[in-house]
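We count ligands from 1, going down the list as the structure has it; atoms in each ligand are counted the same way.
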Amino acid sequence: MTRRRWIADEVSGDRAALVGAHADHLVRVLRARIGESFDIATGQALRRGRITSVNEDRVEFDLGEVISAAPLAKITLVLAIFKFDRLEWAIEKCTELGVSRIVPVISRRTDAHLAAASMKRVERWRPIARQAAEQSRRAAPPEIAAPIKLSDALNLPEALRVVLAESEEQTLLRDVLQAHATAGGIALAVGPEGGWAEDELQLFQQAGWISASLGNTILRAETAAIAAIAVAASTLFSF
Ligand code: SAH
């Protein structure tokens, strides 16, 4: 079992702090004490941190040795917005599996109310990702981008871009990943509950995305997202 890890809210030289609810959790739930050690992710590095002061809304650390952090493959998930409870579950699980960035997109079949509400809701998604990153001992949370229209996501810069489509019958995601060099990172797109519309799949294709399948069963959107990240992380991962 590795040491518990926190992503610092404030860093200055060899000192770091957790503040607000983050500190409160450490103080009240974990009963943190002065002198206790944790791993602290500073944004630049992962370091050993020793608690120097404890208050309800602020815990301070002295930072010591740098600990080597496990590298993660560069995986961007373009995720059509769907029902928030399930979407948030997908964000948490994909973070555990190592996704580096999540770009929520408003697709043709994204419910209009959800699309409108997503602009604010993203504030909830970032703490979910941060907590999952800490829990899974990542050095940093994935970036959660502000929601954008699908048309604005089609030109992402990743070297390999794959749209997951349940209508795809020839090509498996695993085979696409094994066949292509992926030094420039990859982007994976997963549709909403109703799937991608036919013209959206054409737009992906015109923009150079490869269409791929996750297998013979039709998965719910959140399952598809988690499965796609698991396949990509296991294919691209190296120690
Ligand atoms: N409404 C559709 C299913 C949509 S599933 C139906 O019931 O027929 C939601 C999203 O999950 C899809 O847009 C796709 O991106 C992904 N997905 C689900 N199953 C998949 C599979 N077997 N292969 C690839 N993608 C899949």
Can you sort out which atoms of ligand 1 are near [X], meaning under 4.0 Å from one of its heavy atoms?
{"X": "I218", "value": "3 (C), 8 (O), 19 (N)"}
{"X": "G194", "value": "1 (N)"}
{"X": "S213", "value": "23 (N), 24 (C)"}
{"X": "V190", "value": "11 (O), 15 (O)"}
{"X": "G195", "value": "1 (N), 4 (C), 13 (O)"}

Nearest-neighbour protein heavy atom for [atom], which is reported as residue plus atom name and distance:
{"atom": "atom 4 (C) of ligand 1", "answer": "E193 O, 3.3 Å"}
{"atom": "atom 22 (N) of ligand 1", "answer": "T217 O, 2.8 Å"}
{"atom": "atom 26 (C) of ligand 1", "answer": "E166 N, 3.9 Å"}
{"atom": "atom 10 (C) of ligand 1", "answer": "G191 O, 3.5 Å"}
{"atom": "atom 17 (N) of ligand 1", "answer": "A224 CB, 3.6 Å"}
{"atom": "atom 23 (N) of ligand 1", "answer": "L214 N, 2.8 Å"}
{"atom": "atom 18 (C) of ligand 1", "answer": "L219 O, 3.1 Å"}
{"atom": "atom 15 (O) of ligand 1", "answer": "L164 O, 2.7 Å"}

One residue to check: A228. Relative to ligand 1, which of side chain, backbone, both or neither has a non-hydrogen atom less than 4.0 Å away?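 The answer is neither.
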Can you find a side-chain donor-acceptor pair between E158 and T76 that sits under 3.5 Å?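 A donor-acceptor contact under 3.5 Å links the two side chains.
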Does the side chain of E134 pick up a donor-acceptor pair with the side chain of H22 at under 3.5 Å?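 Present: a donor and an acceptor within the cut-off.
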Do other residues, nucleotides or ligands put more than 12 heavy atoms under 6.0 Å from the [atom1] atom of [X]?
{"X": "R48", "atom1": "CZ", "result": "yes"}
{"X": "Q205", "atom1": "CD", "result": "no"}
{"X": "D199", "atom1": "CG", "result": "yes"}
{"X": "Q131", "atom1": "CD", "result": "no"}
{"X": "Q44", "atom1": "CD", "result": "no"}

Could you point out which residue of D14, D39, D62 forms a salt bridge (Lys or Arg N to Asp or Glu O under 4.0 Å) with R47?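 Among D14, D39, D62, the one that satisfies the salt bridge (Lys or Arg N to Asp or Glu O under 4.0 Å) with R47 is D14.
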Roughly how far, to the nearest 0.5 Å, is the CD1 atom of I226 from the CG atom of L214?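 So the gap between those two atoms works out to 11.5 Å.
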Atom CG of L97 and atom CZ of R138: how far apart are they, to the nearest 0.5 Å?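 Here the interatomic distance stands at 9.5 Å.
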Proximity flag P192 to ligand 1, non-hydrogen atoms under 4.0 Å: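 A heavy atom of P192 does come that close to ligand 1.
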I'd like to know whether ligand 1 has A212 as a neighbour, heavy-atom separation below 4.0 Å.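 The answer is yes, since A212 has a heavy atom less than 4.0 Å from ligand 1.
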Short side-chain to backbone donor-acceptor contact, E200 and R108, under 3.5 Å: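 Yes: the side chain of E200 pairs with the backbone of R108.
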Taking N or O atoms only and a 3.5 Å limit, does G215 qualify as a polar contact for ligand 1?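 G215 vs ligand 1: N/O contact under 3.5 Å present.
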